[in-house]
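Read through the structure below, which is laid out as structure tokens, and then see the notes.
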Number of protein chains: 2
Amino acid sequence: MSFAHNFQDAIHPARAEPAGVDDTLDILGRMGVRIAYAKDEEIYGQDETADLVYRVIQGAVRTSRVMSDGRRQIGDFYRTGDLFGFETGSHHRFAAEALQDCVILVLKRSTLKSAGGDLERLTWATTNRELDRAQEHLLLLGRKTASERVASFLLDLVRGSKEDTIDLPMGRQDMADYLGLTIETVSRMLSQLQASRIVCFTATRKFRTPNIAALAKLAA
Amino acid sequence: MSFAHNFQDAIHPARAEPAGVDDTLDILGRMGVRIAYAKDEEIYGQDETADLVYRVIQGAVRTSRVMSDGRRQIGDFYRTGDLFGFETGSHHRFAAEALQDCVILVLKRSTLKSAGGDLERLTWATTNRELDRAQEHLLLLGRKTASERVASFLLDLVRGSKEDTIDLPMGRQDMADYLGLTIETVSRMLSQLQASRIVCFTATRKFRTPNIAALAKLAA
DNA sequence: CGCTTTATTGAGGGCGGTCAAAGAGCGTGG
DNA sequence: CCACGCTCTTTGACCGCCCTCAATAAAGCG
């Protein structure tokens, strides 16, 4: 499954940190270890003990859980700068995998907690954000229709980006497993949105949203 | 909607605390204020600021979120002894309502955080448990079938109880809104489980599980 | 360019939703 | 205690959304 040769600190510590990011995060950079993962490589496994936390330096990550018969649910996606692995106190309910080749900063959880002050506040804020997102996800999975789910998903991406053209870091199967749908339904909904001139795909994984208001309305 | 006359500390502080509960929780009892809520009364509202936390002293509570067209998703249920209201750092994504007439201990969040030591650990543990449950819920809503959802739900109740006969604190509509189903589907699945001799309802809201192994298998 | 993987589109079926009616539970008042 | 009325639950018939299966098309990659 994974034949990537991990390496520690092979990436130069100088990062292109966007301006405005809290200085607190810079402290993290000096505390942890950078590890590179190949696409689809596992960062941590389902039911693994959770004494580490992670930050995406480059690339993107998904958390997922698979049932014994292969059905899969994706918990969330993480982009550059995001912290993840906070989901539990002892054992991970979801596994984490690299969505693309990426570089991850790995830290001991205990280090973060004992650091006090800003870092503790950061840990707290991150966990709260996780809960918020999970609850929004619950509503989506429990009560939204297929088109509403896809619209909500795209809207989330639009709101989390400053670019005009947005590129999806994941394939259709990952979208489907996040949204609780099949790949075919996702594809159909996307085609439908495009036919309605609400989104416009310039490539399989690149799109623009000429009509965000309409998209927001569809997302319900 | 609610014509219950709330009253503070009208309930005598002596509680029938089951043995084995952490002493930490007793401290809470001296810090907060007890408030009684009538069935279906709102404890806090969707989008309300979240500077308080709560503990169920008596009765049961649900958290829920409704969409503009009335579709509702229930986040979780809370029984005697459970802490709730930890879902967010600033504003509640879900409202909380009394499932039955109940008594709730209300505390300032800041009090809890500044107390340090055990209480801080308790806050942390509770939040982690919330995340764990939310993630389990995500899998249920995203990937399980109707019968698996109902089986999972009943199994959860069985595992959380020491009694042989379990009674449901909620009606079918609440179950449905928790499971992302309709009331009719829930009812049909229950009838089906009973026909299979996997559960046995002695009343609408009382059941036993003669065959937990089979129930666990169905829950997947 | 050929091969593999991924995405789209179509046809048909099934699970769960919708609509409707009957039945059970339960408090109220005669 | 029973009759009545309300709410909640169950059951049935039918429908529609999404899934399944299958084929084609497009995209990635050597």
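This one's a predicted model, so the numbers in the text were calculated from it and none came from an experiment. All chains are named by letter (A, B, ...) in the order of the sequence lines, taking the proteins before the strands, and each is independently numbered beginning at 1.
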Item to check | dT11(D) OP1/OP2 closer than 4.0 Å to side-chain N/O of Ser191(B) | outcome: yes

Item to check | Short N-O contact, Arg62(B) and Asp40(B), less than 4.0 angstrom | outcome: yes

Checklist entry - Does the pair Lys206(A)/Asp167(A) count as a salt bridge with the N-to-O cut at 4.0 Å? => result yes

Item to check | For atom CZ of Arg143(B) and atom P of dC15(C), their distance in whole Å | outcome: 17 Å

Checklist entry - Leu181(B) has an atom CG; how far is it from atom C1' of dG17(C), in whole Å? => result 10 Å

Checklist entry - Just checking Thr204(B): base, sugar-phosphate only, or nothing, at a heavy-atom cut-off of under 4.0 Å? => result sugar-phosphate

Checklist entry - Has the side chain of Glu184(B) got a donor or acceptor that lies under 3.5 Å from a partner of the other kind on the base of dC19(C)? => result yes

Checklist entry - In terms of the nearest nucleotide of DNA chain D, which residue is placed more toward the 5' end: Val186(A) or Gln173(B)? => result Gln173(B)

Checklist entry - So, Arg71(A) and Glu148(B), do they make that salt bridge, N to O below 4.0 Å? => result yes

Checklist entry - Are Thr185(B) and dG16(C) close enough that a side-chain N or O sits under 4.0 Å from OP1 or OP2? => result no

Checklist entry - So what does Leu190(B) hit on the nucleic acid, given a heavy-atom distance under 4.0 Å: a base, only sugar-phosphate, or nothing? => result nothing

Checklist outcome for this item: Taken to the nearest whole Å, CD/Gln100(B) to P/dC26(C) is 14 Å

Checklist entry - For Arg172(A) and dG28(D), what is the distance between atoms CZ and C1' respectively, to the nearest whole Å? => result 14 Å

Next on the checklist: How many whole angstroms separate atom CG of Leu168(B) from atom P of dC8(D)?
Outcome noted: 15 Å

Checklist outcome for this item: ring pair (Phe, Tyr, Trp, His ring centres under 6.0 Å) with Tyr54(B): of Phe86(B), Phe84(B), Tyr37(B), only one passes, and it is Phe84(B)

Checklist entry - So does Thr182(A) get a side-chain nitrogen or oxygen closer than 4.0 Å to the phosphate oxygens (OP1/OP2) of dC19(D)? => result yes

Item to check | Geometric class of the His137(A)/Tyr178(A) ring pair [parallel <30°, tilted 30-60°, perpendicular >60°] | outcome: parallel

Next on the checklist: Tell me whether the side-chain N/O atoms of Arg188(B) come closer than 4.0 Å to OP1 or OP2 in dT11(D).
Outcome noted: no

Checklist entry - How many Å lie between CD on Glu148(A) and P on dC17(D), as a whole number? => result 12 Å

Checklist entry - How close or far is atom P of dT20(D) from atom CZ of Arg71(A), stated in whole angstroms? => result 10 Å

Next on the checklist: In whole Å, I'd like the distance from the NZ atom of Lys39(B) to the P atom of dC26(C).
Outcome noted: 12 Å

Item to check | Along DNA chain C (nearest heavy atom to each residue), the more 5'-positioned of Thr145(B) and Ser187(A) | outcome: Ser187(A)

